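Presented below is the structure to which this report refers.
Whatever order the structure lists ligands and atoms in, that order sets their numbers, starting from 1. Source: prediction; values computed, not measured. These numbers come from the heavy atoms of this one structure, side chains and all, not from hydrogens, waters or symmetry mates.
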Amino acid sequence: MRLAKYLARAGVASRRRAEEMIREGRVRVNGLTVNVPQADVENNDTITVNGKILNGPEQKIYILLHKPPGYISTVQDTHNRPTVLDLVKDLDTRLYPVGRLDADTSGVLIMTNDGDLSHRLTHPSYEIKKKYLARVSGIPGPKALENLRTGLLINGTVTAPAVVKVVNSSGKKNYADLEITIIEGKKRQVKKMCKAINHPVVRLHRTEFATLKCASLPVGEYRFLTDQEIKELYRLVKL
Ligand code: URA
């Protein structure tokens, strides 16, 4: 197995982060520093990270968190803000969020120590569906909705087609609730798309990631994925 993959499987870090750690010279194989993430390792090799011996691939954990607003989904925060890891502290394993949600976004967040699966679920080529409920300011007309559906120029690239439904609108309060399904996952994508049609997002909730929903889970709580759900994620990313 490739060294970076081994580290990701062992729950050390995501595959990308593991590659960085290897290049930084923090990983040794049988006592020798190896700084090539693609190097092949065998199960009986002794691998250390920062001098600590790994005990081989650990048990894989997959959870679905109903993320509340107010938590950041990066693992470390320099400003000491609450992170999604604080919500899964009782699990004695290092888990990583699959992709990210903005601090003020709520909804489905998958967390796992399965680096391979995580890498593929966030890779644009697998076109994993993400469904959002976005409350936007003002009521977008047919032209604006059409632009949202067909693609908008954001930071020099055109967004992939999106499925957009107006699920609620209030002329009096001047807002609309849009259900937006996208297959990309660029940073702040939904907010940027809505801003581009001049209807900025005032509240954002992710209702679905792949086939997983959080509607029946209280805000701030998590549950383990079922074997069937894990299998389905594997199938979606051809693992
Ligand atoms: N798009 C956004 O703008 N923010 C999120 O948190 C997720 C998708």
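Neither the backbone nor the side chain of Val201 comes within contact range of ligand 1; no heavy atom lies under 4.0 Å.
Each of the atoms 2 (C), 3 (O), 4 (N), 5 (C), 6 (O) of ligand 1 lies under 4.0 Å from some heavy atom of Asp102. Numbered from 1 in the order shown, with element, the atoms of ligand 1 that lie under 4.0 Å from a heavy atom of Tyr132 read 7 (C), 8 (C). If you number the atoms of ligand 1 from 1 as listed, the ones under 4.0 Å from a heavy atom of Leu204 come out as 1 (N), 2 (C), 3 (O), 4 (N), 5 (C). Of all atoms in ligand 1, listed by their number and element, those nearer than 4.0 Å to a heavy atom of Thr105 are 4 (N), 5 (C), 6 (O). Of all the atoms in ligand 1, the ones that sit under 4.0 Å from a non-hydrogen atom of Lys191 are 2 (C), 3 (O).
Ionic pairing of Glu20 and Arg17 is present here: one or more N-O contacts between side-chain nitrogen and carboxylate oxygen are shorter than 4.0 angstrom. Under a 4.0 Å N-O distance rule, the pair Lys143/Glu146 does not qualify as a salt bridge.
Contacts of Asn174 classified as side chain to side chain donor-acceptor pair (under 3.5 Å), with partners at least two apart in sequence or in another chain: none.
What sits closest to atom 1 (N) of ligand 1 on the protein, heavy atoms only, is Val190 N, 3.1 Å.
In terms of heavy-atom proximity, Lys67 sits nearest to Asp102 at NZ-O, 3.2 Å.
Looking at ligand 1, you'll find an N or O of Arg188 within less than 3.5 Å of one of its N or O atoms.
Here OG1 of Thr150 is found 10.5 Å from CG of Leu145. Values are rounded to the nearest 0.5 Å. The line from CG of Leu91 to OH of Tyr222 is 3.5 Å long, rounded to the nearest 0.5 Å.
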